[in-house]
Chemist: 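Pasting a structure below so you can have a look.
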Amino acid sequence: MKWYIIRRTLWAGFATVIILSITFVLMDQIPSQQIMQAQFQAAVDGVDVETAVQAEKERLGLAKPFHERYIEFMLNIFQGKWGWSYEYSQPVREVIVQTVPYSLMYGFPAIVLSTVIGTVIGLYSAVNQYTTKDYVATFLAFFGISIPNFWFGIVLLVIFGTFLGWVDIGWNAAIVKSADGAWVLLDTAGSEHPAFLREDFQGERYIGVLSPQNLKQLILPTFVVMTGAIASVMRYARAEALEYVDAEFVKTAKSKGVSNRTIVAKHILRPASIPLMTIMVGRILGLILFGSYLVEIVFGIPGIGLASLQAIIRQDTDLVAITILIPTFIAIMGNLIEDIMYAILDPRIDYGDR
Amino acid sequence: MPQGNRGRLGRRKLMQISGAGIAAGLAGCFGGDENGNENGNENGNENGNGNGDPSEGLPDVELYGPEGDRVSPTLFYDEGDDTALDIGSEMQRNLELVGADLQLDGRAELLGTDFFSEPLPDENPDDFEYGPVGRNAGPPERTRTVNDWDILIGIAANSYPRTPGNTETFWTKDSAVNAYGYEPEVDMAGLYDEFRNAESQEARQERLNEIMGTLTDELPANFLSQGLDFWGFDQAINTSDEFNLYGNSLGTINRYRDEQSVGGDFVWLDGTQFSSAFLPEQDDNNSALRTGLLTDSSYVIDTEDNVVPLFMDIENSGDDQVWVCTLRDNLQFGTDADGNSYGQMTAEDWVFQTETVHGVADDAADFWNEETPPSEALGSYAAVENVEQTGELEFQLELAEADGLFPLRPVIWAETVLPKALIEEYAPDAQALRQSDEVQNFTWTGNLGPYTFESRTGGQTGDFTVTRNDEYYMREHTQDSNVQVMDDAWGDAPYFENYQFDVESEQSTRVERFRAGEADRMALPTAVIQEFEEAVDQIRVEDQQDPYISFQFFNQRANGSILCRERDGREAIARVIDKDTITQDIQRGRTEPAVTHQPTWSEWYDESAVDAYGTGITEDDIVTARDLLRDNENFTVEEV
């Protein structure tokens with residue numbers, strides 16, 4: 001087992017290097033819009049074009065030869081020097097630290113809820129296989145995955161934001177932070193707090209991740225992401241549960257007069273939950289990857305998905321690399337942890353001879 | 001002053017995608033129902049736009065080229081612009097009037113490779129009389145556009161209505177932007193030289209009239225539309241009468257909610273993000289609009305082309321070649337990252353930045369660890385031969401050539417300055433200077449701007465927030481000043497406690513938020529202008545003159561259609577392209593037909609000097625267009 005983990009960890013490192021190298025090469029090969037613009041402007045201004053292009057390359061950190069930049073880039077990445085985001089005009093580390101929590105705020109509850117609800121629906125469908133209830137549950141689950149998230153988000157915003165006025169359409173990014181910019185769980189602040197711009201009130205209101213206003217604005221994006229994720233969990237849970245619905249030990253329990261609820265909870269869910277647990281751990285670890293581009297655009301959430309998208313569009317190489325590195329590395333490690341959990345949860349599985 | 005930098009940067013920007021203009025209000029629009037009735041509808045009725053077909057009594061024709069093939073030019077349009085396909089389709093219908101079979105091709109990035117040219121495969125560029133430079137590969141008969149287009153729409157060009165001499169770059173054969181391969185039959189560069197060197201306004205106007213006349217005669221492009229930007233404001237926010245005019249630069253000082261007193265917050269909902277904190281290299285309006293709140297600039301130009309001194313006044317020494325700048329006496333920089341003050345702004349700071357950052361000193365590049373100084377304005381400052389400090393608060397700029405309009409040019413106009421000590425602290429490491437705490441967090445701005453930096457969240461849904469600057473220098477200049485006394489309104493300026501740019505990149509979300517009253521100002525997309533004007537009570541729609549003219553470019557290079565390479569062909573096109581329908585119907589009355597490279601509201605525009613095409617099209621216009629082609633040996637017009 002120990003050697004298996006070491007080998008898998010080394011493989012994770014190797015795979016990360018490969019992916020980072022591919023990212024670097026691709027980003028390097030795409031013609032830079034900024035350099036083209038500088039070239040054009042220099043020609044118009046009557047300035048030496050070569051000099052202007054060189055200046056722009058220096059500004060963008062592209063002046064050195066490819067191999068020097070590549071080696072420097074890789075060394076910096078593994079030394080924790082993540083470079084500078086030209087698009088955000090900030091260190092990349094700062095961008096990551098600022099954006100990841102926003103993605104986690106809606107991503108984490110969406111994953112947990114979709115896993116729990118999907119599992120419940122899956123179990124329900126399994127024990128009621130081919131009944132109307134099974135078809136309804138399956139329909140609802142697939143309804144969620146069939147609707148494009150961005151469209152569903154806009155529709156919900158129009159209904160609950162514009163027509164009913166129950167939620168703000170814009171995302172209040174400042175509500176989760178104190179006046180000095182630090183993240184807070186729950187606190188109070190007066191009308192001078194940046195979260196309450198254009199609002200005039202006496203006294204204080206709650207701010208922070210757990211503040212009512214933040215929880216309210218999290219409802220719609222969480223719901224949209226959750227509905228998209230329920231179906232896969234539900235189908236998986238249903239398939240797993242079906243393996244045990246007609247199992248001998250379940251029949252025995254039934255014959256002994258055990259209630260249906262107990263049979264489902266103790267005799268079907270327990271064995272079926274082993275693969276489901278591993279899936280859930282893997283998905284939670286993949287949360288950062290999960291920062292949904294489109295959901296973040298529609299709801300205006302300044303998360304990692306939006307940062308990554310913007311970085312790719314604007315060829316912000318350092319930021320692209322890190323926003324790819326983090327989810328890649330975590331996904332690889334997540335898979336490793338998944339495999340290890342299999343072995344821990346199910347004694348029949350052993351990696352000793354691999 | 002806020003918007004000053006933006007004005008200068010806008011002036012430096014030569015071209016933009018018309019669709020990109022939509023993000024800040026569609027380029028080439030004109031406002032409201034009132035204007036629409038006065039102009040568009042009247043024209044529409046006169047020419048039978050929607051009320052009859054001027055070609056009704058004419059036979060259908062087909063146009064053939066010199067090889068006997070049907071003339072079928074290809075039109076490239078911006079597929080990201082929601083009206084471009086309709087405009088293309090209208091042009092397709094219009095060109096049927098002269099028998100041409102126009103093909104439409106939507107493109108993603110018109111200003112990318114589509115707007116490049118290259119030598120023909122069997123040509124050697126070393127033999128060319130000129131080029132390659134920029135998008136211009138060389139003489140049109142020996143070069144071709146990189147992609148096969150004949151007509152291209154969707155690019156708008158700056159008309160420079162204050163200094164139209166700057167438009168030279170579009171119309172000289174060896175210009176960097178001349179992707180379309182225009183070779184004027186007159187000495188265009190000479191005309192522009194004469195314009196710049198003319199000693200009187202009348203003489204300048206005469207030269208410009210010749211230029212405008214040549215352009216509407218030779219038609220290197222068809223001048224499609226000119227227009228306005230459209231802004232939505234919360235009803236409680238005031239805007240001055242001058243807001244609607246081109247060149248309004250002091251918007252923020254004139255803006256308050258309800259009463260003219262200090263209080264409340266202002267939120268500007270925007271689709272674009274902040275990206276550049278290092279001002280000498282800042283080349284995007286989005287960033288300049290934000291940093292303009294933190295630091296004023298040298299001076300701005302008002303709507304009547306007068307200099308309004310902010311940090312300084314600028315005066316002609318008498319020969320148009322040496323310009324004297326005098327700083328206000330209470331300009332205080334802020335501090336470095338450790339809290340140490342940079343002290344008072346003096347002429348030394350300006351001279352130092354002009355020489356070492358903007359490259360006026362011969363050895364400026366040696367000062368840095370990069371090949372060129374870290375400035376986006378090296379080209380602009382090439383006009384400055386020398387800069388010299390002549391007093392603690394006074395310095396002078398000596399130009400390479402005399403220029404009576406120098407203050408109007410985007411050189412020192414709306415220029416900002418960093419403390420000399422800040423630059424010296426990091427030099428020669430330009431990258432360290434750009435990324436320093438002082439630059440990124442604006443610790444150096446002191447009392448220079450109406451607001452001080454509070455916070456920013458990066459990205460396409462971030463924000464940029466500033467708070468009122470209690471030490472703003474301009475408040476002390478309302479009674480007495482060493483430069484110019486300002487009116488009383490500056491005594492309490494600015495009038496908001498907090499000012500925020502709230503970025504919402506997704507347009508539909510942005511519009512919904514504005515409709516729901518979540519902001520005080522937003523650029524309105526064309527599709528919602530009418531709705532906001534008529535049905536959103538809490539929003540007031542204001543228009544603002546825009547200096548960009550939308551062109552219909554003709555490919556005059558070797559691979560261009562014969563219809564575009566022949567002057568008669570271009571005139572025939574211009575005569576039948578229905579600008580009324582395009583501007584009034586397709587663009588919903590938000591644009592106005594353009595005539596030449598100066599907007600018709602420009603003081604330089606002279607109706608008597610130009611040939612106007614494409615408005616009020618009659619049967620005679622169509623007949624004339626067909627006759628032009630019939631009389632040209634390259635074409636055959638056949639009735640069908």
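All chains are named by letter (A, B, ...) in the order of the sequence lines, taking the proteins before the strands, and each is independently numbered beginning at 1.
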Chemist: For the OG atom of B/Ser505 and the CG atom of A/Leu306, what is their distance to the nearest 0.5 Å?
Modeler: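 Here the interatomic distance stands at 5.5 Å.
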
Chemist: About how many Å separate OH of A/Tyr88 and CZ of B/Arg456, when rounded to the nearest 0.5 Å?
Modeler: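 Taking CZ in B/Arg456 and OH in A/Tyr88, the distance rounds to 11.5 Å.
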
Chemist: Could you tell me the separation between the CD1 atom of A/Ile297 and the CD atom of B/Gln507, rounded to the nearest 0.5 Å?
Modeler: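 These two atoms lie 13.5 Å from each other.
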
Chemist: Under 4.5 Å between any side-chain heavy atoms of B/Gln500 and A/Pro194, yes or no?
Modeler: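 No, every pair of side-chain atoms sits at 4.5 Å or beyond.
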
Chemist: Considering only heavy atoms, which portion of A/Ala179 lies under 4.5 Å from any heavy atom of chain B: side chain, backbone, both, or neither?
Modeler: backbone

Chemist: Taking atom types as modelled, find out whether A/Gln310 and B/Gln273 have a side-chain donor-acceptor pair closer than 3.5 angstrom.
Modeler: yes

Chemist: Given a strict heavy-atom distance threshold of 4.5 Å, which part of B/Ser175 is in contact with chain A: side chain, backbone, both, or neither?
Modeler: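 Neither the backbone nor the side chain of B/Ser175 comes within 4.5 Å of chain A.
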
Chemist: Is it the backbone or the side chain of A/Glu87 that comes under 4.5 Å from a heavy atom of chain B, or both, or neither?
Modeler: both

Chemist: Which answer fits B/Gln431, side chain, backbone, both or neither, if we ask what part of it has an atom under 4.5 Å from a heavy atom of chain A?
Modeler: side chain

Chemist: Does a side-chain heavy-atom distance below 4.5 Å link B/Arg515 with A/Ile169?
Modeler: no

Chemist: In Å, rounded to the nearest 0.5 Å, how long is the span from CG of A/Leu197 to CG of B/Asp265?
Modeler: 4.0 Å

Chemist: So which residue, B/Glu454, B/Gln440, B/Glu504, B/Glu281, ends up with the most heavy-atom pairs under 4.5 Å with chain A?
Modeler: B/Gln440

Chemist: Do B/Glu518 and A/Asp168 come close enough that some side-chain heavy atom pair is under 4.5 Å?
Modeler: yes

Chemist: Is B/Asp234 salt-bridged to A/Arg198, cutoff N-O under 4.0 Å?
Modeler: yes

Chemist: Quick one: CD on B/Glu371 to NZ on A/Lys57, what's the gap to the nearest 0.5 Å?
Modeler: 10.5 Å

Chemist: With a 4.5 Å limit on heavy-atom distance, are the side chains of B/Glu497 and A/Glu192 in contact?
Modeler: no

Chemist: List the atom of A/Ser89, the atom of B/Ser275, and the distance in Å for their closest heavy-atom pair.
Modeler: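 Closest heavy-atom pair between A/Ser89 and B/Ser275: CB-O, 3.6 Å.
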
Chemist: Below 4.5 Å from any heavy atom of chain B, which atoms of A/Ile154 appear? Answer side chain, backbone, both or neither.
Modeler: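 Looking at A/Ile154, just its side chain touches chain B.
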
